Student: 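Pasting a structure here, questions to come.
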Amino acid sequence: MTGMRHLLGITGLDRPAIECYLDDAAAFWEVLGRDIPKVPALRGRTVVTLFLEDSTRTRLSFETAARRLSADTMSFQARGSSVAKGESLLDTVRTIEALGVDALVVRHPAAGAPHRIAGWVDAAVVNGGDGRHEHPTQALLDCFTLRRHLGTGLDGCRIGIIGDVAHSRVARSGVRAFSALGAEVTLIAPPTLLPERVETWPARVTHDLDAELAELDVAYVLRVQRERDAARRLPPLHEYYARYGLTEARAARMKPHAVVMHPGPMIRGLEVATTVADGPRSLVRDQVRAGVAVRMAVLFRLLGSPAGGDDA
Amino acid sequence: MPEPPQPEATAAGTVLCLRGGTVCDATGERRADVLVRDGTITEVADGLTPPPGARVLDCDGAWVVPGLVDLHAHLREPGGEDAETIETGARAGALGGFSALVAMPNTSPPLDDPAVVAAVAAAGRRAPCRVYPAGCVTRGRAGTELAPLGELYDLGVRVFTDDGACVADAGVLRAALEYTRALPGAVVAQHAEDPALAADGHMHEGAWSSRLGIPGRPAVAETAVVARDLEVVGHTGGRYHLLHCSAAGSVALLRAARDAGLAVTAEVTPHHCVLTDECCATFDPLYKVHPPLREPGDRDAMVAALAAGVIDAIATDHAPHPPVTKERPFEEAPPGMLGLQTALAVVWTHLVAPGRLTPAQAFAALSWRPAAIAGLTAEGHGGPVAPGRPAHLTVFDPQARWRLGADGLAGPSANSPFLDVELTGRVRHTVVGGEAVVVDHEARR
């Protein structure tokens with residue numbers, strides 16, 4: 001793990017590297033339970049969230065994590081792309097770096113934007129979600145949530161990822177992380193919402209949710225990304241809910257201890273029934289809490305090395 | 001600065017002797033020196049004695065071939081002069097061994113208007129190599145109404161294309177093919193990518209796009225248009241040229257059309273013969289092109305089709321973009337890469353040196369075949385290297401190892417993946433209209 005400067009994706013992380021993050025996150029989870037949930041690990045460091053795509057949850061989670069580590073935070077947000085603003089991404093990034101920055105958390109609507117930025121700056125770059133490509137901290141927090149819930153590793157755990165896999169960076173990172181940790185992943189979606197050449201993914205594929213339900217330990221429900229072009233790829237949406245929605249009736253047919261996860265934001269009544277999302281099987285709130293601990297672990301690992309710090 | 005207008009760069013009074021090389025043209029290969037006087041080849045024979053006052057160009061160990069002809073160069077003028085001008089593009093062409101370029105009409109304003117075409121043609125006549133404007137198929141490249149094809153034809157335009165955009169409406173394509181039957185030598189050149197299937201894609205749709213999360217442009221976006229177009233050509237007649245073929249599936253369609261006797265030609269770019277979609281894993285928009293870099297099987301099919309003659313020509317799709325436009329994420333950068341200065345060297349390094357194409361096949365695909373497609377044989381391009389022919393000649397050293405650095409680029413754009421990469425084979429001299437415009441790798445104008 002030494003020498004890791006950026007977290008750009010789950011791609012390139014092996015099982016020990018992922019487990020390293022999860023172990024660190026467990027320590028920070030404990031910190032978050034204290035009366036004063038804060039440690040001085042990154043005092044004097046500056047973390048910038050550069051969010052060029054609308055997002056509140058992930059940005060707040062990163063900023064909370066940075067503050068719990070005593071880092072200073074700055075936030076740069078813009079609707080739309082750098083192109084829409086007329087400034088090149090390189091110019092935007094150089095301007096921010098000139099302010100004195102140790103880490104950049106990047107959310108961008110285009111795949112690979114954090115990778116490009118990592119080639120331009122000295123600061124550590126964390127991918128906070130790039131286009132359809134990756135969302136590595138989401139995958140780590142999902143693994144962390146499951147590991148805590150199961151009390152064991154993910155080996156042999158049967159995870160069904162349901163819905164709009166094609167457009168989902170959560171799925172791209174999740175499949176890689178889950179399978180690296182030994183889980184058996186099944187993608188469950190209509191053909192139009194599966195990625196091209198899906199046979200090259202480390203996952204099984206089925207179009208039949210009902211046939212799969214009783215096998216699953218985890219139903220991981222994805223958001224239907226109507227703002228990308230999911231709507232054009234589907235018949236009317238009520239048909240989607242009828243075939244792929246996690247209804248109360250479907251949830252009732254799952255294994256007794258099976259759980260439901262969702263990366264948020266949820267579209268209740270399209271992907272998942274409200275009673276299921278808020279019901280006893282749901283780990284949705286645990287996922288949000290885990291997000292802070294995992295992002296603390298990531299920032300600490302990238303910035304907390306003695307090499308760069310004044311007081312780390 | 002532009003020079004004062006003059007009809008055409010000529011070399012009156014100049015005598016050149018290209019000495020010591022091996023001549024290769026459509027008639028074959030032979031050891032021969034070439035004497036050029038007043039812009040015309042006067043003697044081709046082994047062991048010529050240069051007349052007094054002749055300038056001797058050293059061709060030892062080199063090929064002497066008819067000047068290269070590029071069917072597909074984006075010179076960006078008018079409207080995109082921050083990326084390239086006719087002059088800088090033609091200089092890049094000359095450095096790459098080209099004596100003639102067909103300038104694509106997707107400029108701003110586009111080349112759908114006689115006045116604009118005439119201006120480009122005039123600028124092209126005084127450029128370091130000859131520039132021949134292509135004309136739009138449709139007004140504004142909008143794909144709905146035919147451009148004034150006959151008026152443009154009368155100005156010398158032979159290649160009609162909306163390149164950058166597909167003529168997606170089959171009725172419009174039919175009309176263009178039928179109308180140009182009355183214009184001898186005219187050809188309709190198609191950018192075959194179905195806009196609905198290519199949609200918002202930015203790279204080839206396949207295992208890599210799936211993994212990288214970059215929306216894809218599938219091979220079927222090309223093959224579906226090629227299949228449809230060839231059916232239309234079968235119905236209408238007329239000449240049809242497929243621009244930048246990229247998908248293996250297109251090759252079988254071309255072969256069948258050729259076997260059926262249709263007047264169909266095709267080109268492929270050096271990059272589609274050499275690079276694949278895996279390059280996009282760097283997220284570097286240098287590798288973003290339309291049509292996209294495809295899979296190893298497609299790449300190999302392009303080379304095989306060239307060797308078999310199913311694809312006639314190698315064309316650069318030289319597409320300069322100013323550096324700032326590539327300082328963006330992959331999905332937000334414009335498509336296109338430079339090609340003129342490296343085309344022959346890339347082809348030599350990757351196709352000829354490994355024995356996948358013979359030297360004569362490479363020269364045919366870069367000179368006399370594209371010259372014939374673009375109707376430039378009558379202008380003296382594409383050879384043969386014979387007395388009485390206009391002296392458009394390229395001298396190519398197949399042994400030279402070199403790198404093109406950013407300081408060696410002719411224009412303001414640097415978007416080439418072949419920059420700073422060692423290449424085998426280098427253009428030594430280029431003669432255009434009897435004038436030595438490149439001597440010992442240096443542009444002389």
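The model shown is predicted, which means the values in this text are computed figures rather than measured ones. Residue numbers start from 1 in every chain, and the chains themselves are labelled A, B, ... in the order their sequence lines are given, proteins ahead of strands.
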Student: Sort B/A199 into side chain, backbone, both or neither according to what part of it lies under 4.5 angstrom from a heavy atom of chain A.
Tutor: side chain
Student: Of all of A/R169, A/R197, A/E199, which one pairs up most often with chain B through heavy atoms under 4.5 Å apart?
Tutor: A/R197
Student: In sequence, state the C-alpha distance, the side-chain angles, and the governing distance for B/H244 and B/D163, and then conclude on side chain to side chain contact (heavy atoms under 4.5 Å, CB included).
Tutor: CA-CA 10 Å; B/H244 41 48; B/D163 180 54; 3.2 Å; yes
Student: Would one find more than 12 heavy atoms of other residues, nucleotides or ligands at under 6.0 Å from atom CZ of A/R94?
Tutor: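 For A/R94, atom CZ is not crowded (no more than 12 foreign heavy atoms under 6.0 Å).
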Student: Heavy-atom cut-off 4.5 Å, strictly under: side chain, backbone, both or neither for A/R232 against chain B?
Tutor: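 Interface part for A/R232: side chain.
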Student: Relative to chain A, which segment of B/S209 carries a heavy atom at a distance below 4.5 Å: side chain, backbone, both, or neither?
Tutor: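 Contact with chain A: backbone and side chain both.
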Student: Would you mind checking which part of A/T11 comes under 4.5 Å of any heavy atom in chain B, side chain (CB onward), backbone (N, CA, C, O), both or neither?
Tutor: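 Answer is side chain: those atoms of A/T11 sit under 4.5 Å from chain B.
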Student: Tell me whether the count of non-hydrogen atoms from other residues, nucleotides or ligands lying under 6.0 Å of CD in B/E231 goes above 12.
Tutor: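 It does not: B/E231 CD has 12 such atoms or fewer within range.
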Student: Centres of the A/H135 and A/H133 rings: under 6.0 Å?
Tutor: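 No: the rings miss the under 6.0 Å criterion.
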Student: Inspect the surroundings of CZ in A/R243 and state if more than 12 heavy atoms from other residues, nucleotides or ligands are less than 6.0 Å away.
Tutor: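 12 or below, so no.
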Student: Less than 4.5 Å apart, side chain to side chain, heavy atoms only: is that true for A/Q225 and A/S168?
Tutor: yes
Student: Heavy-atom distance under 4.5 Å to chain A: side chain of B/P218, backbone, both or neither?
Tutor: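 Neither the backbone nor the side chain of B/P218 comes within 4.5 Å of chain A.
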Student: Which answer fits A/R176, side chain, backbone, both or neither, if we ask what part of it has an atom under 4.5 Å from a heavy atom of chain B?
Tutor: side chain
